[in-house]
Amino acid sequence: PEGSVPDFADIAGHEYEKRAFQIAAAGGLGVLMMGPPGSGKTMLASRAASILPPLSEEERLETALVYSVAGGDVDGVLAGRRPFRAPHHGTTMAGLVGGGNPPKPGEASLAHNGILFLDELSEFSSSVLQGIRQPLESGVVRLVRASYRVTFPARFMLVAASNPCPCGYFGDAEVACSCPEARVRAYQNRIGGPLMDRIDIHLDVSRPRPEDLLRSTGASTGTAELREGVLRARAFASWRRARDADASPQGSCGEGSLEAVLASCRLDRRALALLEDMARATSMSPRGIVRTLRIARAIADVAEREQAYEEDVAEALGYRVREGIGT
C-alpha cells in the first residue's frame, strides 16, 4: 500500500544526502554511502525507490519477464513498482549475477529497472563484487558456461553502503576509532578501485547530532518534493535528448562516452577549467571524469538548464572527491 512506503520526510536532517539521491534518481546514477553505524545509510537507501517514476509499460513487461524466468512474483512489477533488491553480503557470485543449470537470473537482473542495494559493501567477497562491474558498464549480465551462453538484462541503479573501517567509527566526531590506519585502508580497499570508479556519487554520511535532530523536526524534505524534482528533471532530459537527436543527422549517440557527455553538458571555459584543474589535482581517471560530467548534467537537468555551469561542476566534484583514507 502507498501509505506503507517509507518517506524521506521521516529522516531528520541529511538534506545534503537527500539532494544527492534526487540527483542520482534524475540521472540514473549510482550512490556509495560511507559512514559509521547509526548514521542513516540504510534508511536513506530504503527510500530511494520511492522517488523514481513508476515503471513504463515496456519496463513492466521486460522486468516481469526476468521475474518469470527466475520463478518470482510479478504482481508488484506489473503494478508499476520498481524492484528493490537487497542481497546479503554473504551472497555468492551465482546469487548476485546469475547461474545454475538451467541458468537463472541473479540479484543484479532481478533489480533490472530498479535498485540494487548492497549494504555492508566491504563485507562482500571481492570476487563477487567484481562480478557487477560488467552490468554497471553494459546493463547486461553475460553468463558463459560449458553447456550454455545466456544474456540477462541488468540495468539497475546501484546504491551501496559501507562502514569506513572494521570498528565502524573512523572519522566519527563522537566515537573514537580503534582501528590502526593500515586496517582502515585495507578495509576500504576491499571494495576495489575499479568498482569505486564505476559508482558515480560518493557520500560520507555522518551521524546527525541530537540537537540537530530535535531542531529539524517538521522541516525535513520529503519523498513527494524529491520525486517531483526527479520527474521534472527526467522530462527535461528527454526533451533535451530528443532536441539533440534532431539536430544531429546521425541521431543521438547517448551520454556514455566522454565526447557525448561533454556535448550534452555544453561547458563554458570556467566550468571546463575547474574540471581540468580538479582532475589534475586528484589524478582523476578518464572514467572518473565521465562520471563527474554525468553528475553535472543531472544537476543541470534538475534545475532544467540546457547548459551545465561552473556551479554544477563544483557540486558534481563534491560528490566524487572524498576525504580521508581510501580516496
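Note: hydrogens, waters and symmetry copies are ignored here, and every other heavy atom, side chains too, is used.
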(message) If you apply the rule side-chain contact (heavy atoms from CB on, under 4.5 Å), what do you find for Phe152 with Val97, and how did you get there?
(response) CA-CA 9 Å; Phe152 292 124; Val97 301; over 6 Å; no
(request) Check the pair Leu203, Leu44 against side-chain contact (heavy atoms from CB on, under 4.5 Å), reporting the backbone distance first and the verdict last. (result) CA-CA 12 Å; Leu203 297 174; Leu44 288 161; over 6 Å; no
(message) Go through it in stages, so that I can follow the logic: the residues are Arg287 and Val290, the test is side-chain contact (heavy atoms from CB on, under 4.5 Å), and I'd like the CA-CA distance, side-chain angles, deciding distance and then a yes or no.
(response) CA-CA 5 Å; Arg287 181 178 287 112; Val290 171; 5.6 Å; no
(message) Run the side-chain contact (heavy atoms from CB on, under 4.5 Å) test on Thr91 and Val128 for me, step by step, so that the C-alpha distance in whole Å, both residues' side-chain angles and the decisive distance to 0.1 Å come before the verdict.
(response) CA-CA 8 Å; Thr91 299; Val128 171; 5.5 Å; no
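Residue Glu306 is tested with Arg266, Arg241, Arg240 for a salt bridge (Lys or Arg N to Asp or Glu O under 4.0 Å); the sole match is Arg266.
When atom types are taken as modelled, the side chain of Arg60 and the backbone of Leu78 share a donor-acceptor pair closer than 3.5 angstrom. For the pair Arg47 (side chain) and Met43 (backbone), a donor-acceptor distance under 3.5 Å is present. With His112 contributing its side chain and Tyr67 its backbone, the two residues share no donor-acceptor pair below 3.5 Å. The closest donor-acceptor contact from the side chain of Arg305 to the backbone of Ala300 lies at 3.5 Å or more, if one exists at all. For Ser109 (side chain) and Gly106 (main-chain N/O), no donor-acceptor pair under 3.5 Å exists by modelled atom type. A distance-only check finds no donor-acceptor pair linking the side chain of His14 to the backbone of Phe8 [under 3.5 Å]. When atom types are taken as modelled, the side chain of Glu107 and the backbone of Arg85 share no donor-acceptor pair closer than 3.5 angstrom. Side chain of Thr292 to main chain of Ala316: no donor-acceptor pair is present (N/O by atom type, distance under 3.5 Å, no hydrogens or angles). No side-chain donor-acceptor contact under 3.5 Å links Arg291 to the backbone of Leu29. Formation of a donor-acceptor pair under 3.5 Å by the Gln188 side chain with backbone atoms of Pro164 is found in this model.
Salt-bridge annotation for Glu137 and Arg133: absent, with no side-chain N of the basic residue lying under 4.0 Å from a carboxylate O of the acidic one. We find that Arg155 and Glu59 are not joined by a salt bridge, their nearest charged nitrogen and carboxylate oxygen being 4.0 Å or further apart. Taking a cutoff of 4.0 Å between a charged side-chain nitrogen and a carboxylate oxygen, Arg19 and Glu225 do not qualify as a salt bridge.
Hydrophobic cluster membership differs between Val77 and Leu116, with clusters built from Ile, Leu, Val, Met, Phe, Trp and Tyr side chains linked at under 4.5 angstrom. Cluster membership check: Tyr309 does not share its hydrophobic cluster with Leu275, using side-chain heavy-atom separations under 4.5 Å among Ile, Leu, Val, Met, Phe, Trp and Tyr. If you chain together hydrophobic residues whose side chains sit under 4.5 Å apart, Val74 and Val69 never meet in one group. Taking hydrophobic clusters as Ile, Leu, Val, Met, Phe, Trp and Tyr residues chained together by side-chain heavy-atom distances below 4.5 Å, Tyr169 does not share a cluster with Val184. Val140 and Met93 fall into different hydrophobic clusters, where Ile, Leu, Val, Met, Phe, Trp and Tyr side chains are chained together by heavy-atom contacts under 4.5 Å.
Residues Leu110 and Val66 form a side-chain contact, since some pair of their non-hydrogen atoms from C-beta on lies under 4.5 Å apart. In this structure, the side chains of Met33 and Glu17 stay at 4.5 Å or more apart for every pair of heavy atoms. Glu15 places a side-chain heavy atom less than 4.5 Å from the side chain of Ser220. Side-chain contact between Leu258 and Leu293: present, with at least one pair of heavy atoms (C-beta onward) separated by less than 4.5 Å. Looking at Leu317 and Thr282, their side chains never come closer than 4.5 Å, going by heavy atoms from C-beta outward. Looking at Leu195 and Leu136, their side chains come closer than 4.5 Å, going by heavy atoms from C-beta outward. Using a 4.5 Å heavy-atom cutoff, the side chains of Val175 and Pro36 are not in contact. Between Leu52 and Ile115 there is a side-chain heavy-atom pair separated by less than 4.5 Å.
Taking CZ from Arg227 and CG from Asp7, the interatomic distance works out to 8.5 Å, rounded to the nearest 0.5 Å. Between atom OG of residue Ser283 and atom CE of residue Met278 there is a gap of 11.0 Å, rounded to the nearest 0.5 Å. For the atom pair CG (Leu231) and CZ (Phe236), the distance works out to 15.5 Å, reported to the nearest 0.5 Å. Between the CZ atom in Arg82 and the OG atom in Ser50 there is a gap of 12.5 Å [rounded to 0.5 Å]. For the atom pair CZ of Arg269 and CG of Leu267, the computed distance is 13.5 Å after rounding to the nearest 0.5 Å. In this structure, OG1 on Thr223 lies 8.5 Å from NZ on Lys18, to the nearest 0.5 angstrom.
Minimum heavy-atom separation, Arg81 to Leu55: O-CD1, 3.4 Å. The nearest pair of heavy atoms linking Leu143 to Gly98 is CD1-C, 3.6 Å. Pairing each heavy atom of Val302 with each of Gln22, the nearest pair is CG1-OE1, 3.9 Å. Looking at every heavy atom in both residues, Tyr148 comes nearest to Gly100 through OH-O, 2.7 Å. Gly168 and Asn163 make their closest contact through CA-CB, 4.0 Å (heavy atoms, listed as atom of the first residue, atom of the second, distance). Smallest separation of non-hydrogen atoms from Ala25 and Arg234: O-NH2, 2.7 Å.
No more than 12 heavy atoms of other residues, nucleotides or ligands sit less than 6.0 Å from atom CD of Glu259.
Side chain to side chain, Ser264 and Asp244 fail the donor-acceptor criterion of an N or O pair below 3.5 Å.
Residues Tyr16 and Tyr319 bring their aromatic ring centres within 6.0 Å.
Using a 30° and 60° split on the angle between ring planes, His89 and Phe124 fall in the perpendicular class, above 60°.
With sequence neighbours excluded, the residues satisfying side chain to side chain donor-acceptor pair (under 3.5 Å) with Asp197 are Ser285, Arg320. Applying the side chain to side chain donor-acceptor pair (under 3.5 Å) test to Arg270 and every residue at least two apart in sequence or in another chain returns Glu310.
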